[in-house]
Amino acid sequence: MKLAIVLASGELEKVQAASIIASTAATFGEVLLFATMDGLMAFKKDVVENKAWKAGELGKGMIQANAPLFVDVLKQAKEVGNLKIYACGMIMDMLKMSLDEFVDVFDDVIGVTKFLGMVEDAKVLFI
Amino acid sequence: MVVVDARGSYCPGPLMEMIKTLKQVEVGEIIEVLSSDESSAKDIPEWVKKAGHELVEVKKEDDYWRIVIKKLK
């Protein structure tokens, strides 16, 4: 199974869900996670350090419960399965950002055309 | 037998810890996973079947589950 996830939301609950689906799927097949829009911003170092995600009751509860959050879930998944994580090039260009400003989970920065080429034969989830 | 004590860890933690161990051991080895997360206790047997290993036992203990699997390949 080849699965691609477009993560466009930065809400903690959604980012967390994406990370759990991605990590489990990566133990069976190839998974590509494309972080764009607010979904990319959730990975900014300062946001992660301050746990400053947009979060509802559940998300706040997850932070309070000290549950492993998506960065750790994704790092663990990379050790165990076949998971590649890409940052959206458009956002990086537009905001003049570099991967140094994000936590260390990204494999590369890619554009939409490249992403679409990579996922031609994949199931795609939009989160 | 190898014991993976993943109690206190949330989904997908116990599954990931089990797979890490599964990769390291020899074929035929028995792995016992302890998980206090009910969703993992349901999900691990599904994973084991799908991945082609043997589910030996799933047992509810006091406040955790004991999932015993055998590496088949």
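Basis for what follows: all heavy atoms, side chains included, without hydrogens, waters or symmetry-related copies. Here the structure is a predicted model, which is why all the values come from computation and not from measurement. Each chain gets a letter, A, B and so on, in the order its sequence line appears, and its residues count up from 1.
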Give me the contact list for residues 12-22 of chain B versus chain A, heavy atoms only, anything under 4.5 Å, ordered by residue number.
B:Pro12, B:Gly13, B:Leu15, B:Met16, B:Glu17, B:Ile19, B:Lys20
With a 4.5 Å heavy-atom cut-off (strictly below), which parts of residues 18-40 of chain A touch chain B? List them by number.
A:Ile20, A:Ser23, A:Thr24, A:Thr27, A:Phe28
Partner set under side-chain hydrogen bond (donor to acceptor under 3.5 Å, both in side chains) for B:Asp5, not counting sequence neighbours
B:Arg7
For A:Lys45, does the NZ atom have more than 12 heavy-atom neighbours from other residues, nucleotides or ligands under 6.0 Å away?
yes
Is there a path of hydrophobic side-chain contacts, each under 4.5 Å between heavy atoms, that joins B:Tyr64 and B:Ile69?
no
Cluster check B:Val4, B:Leu34: I/L/V/M/F/W/Y, side chain < 4.5 angstrom
no
Could you check whether atom NZ of A:Lys54 has more than 12 heavy atoms from other residues, nucleotides or ligands sitting under 6.0 Å from it?
no
Please tell me whether A:Ile127 and A:Val73 are part of a single hydrophobic cluster in this structure, the criterion being side-chain heavy atoms less than 4.5 Å apart.
no
Take a 6.0 Å sphere around NZ of A:Lys14 and say whether it holds more than 12 heavy atoms from other residues, nucleotides or ligands.
no
Are A:Val47 and A:Ile63 in one and the same hydrophobic cluster, where Ile, Leu, Val, Met, Phe, Trp and Tyr link if side-chain heavy atoms are under 4.5 Å apart?
yes
Kindly check if the number of other-residue, nucleotide or ligand heavy atoms within 6.0 Å of CD (B:Glu61) is above 12?
yes
Can B:Val68 be reached from B:Ile31 by stepping across I, L, V, M, F, W or Y side chains whose heavy atoms are under 4.5 Å apart?
no
How would you list, in number order, the residues of residues 78-108 of chain A that have a heavy atom less than 4.5 Å from chain B?
A:Glu79, A:Val80, A:Gly81
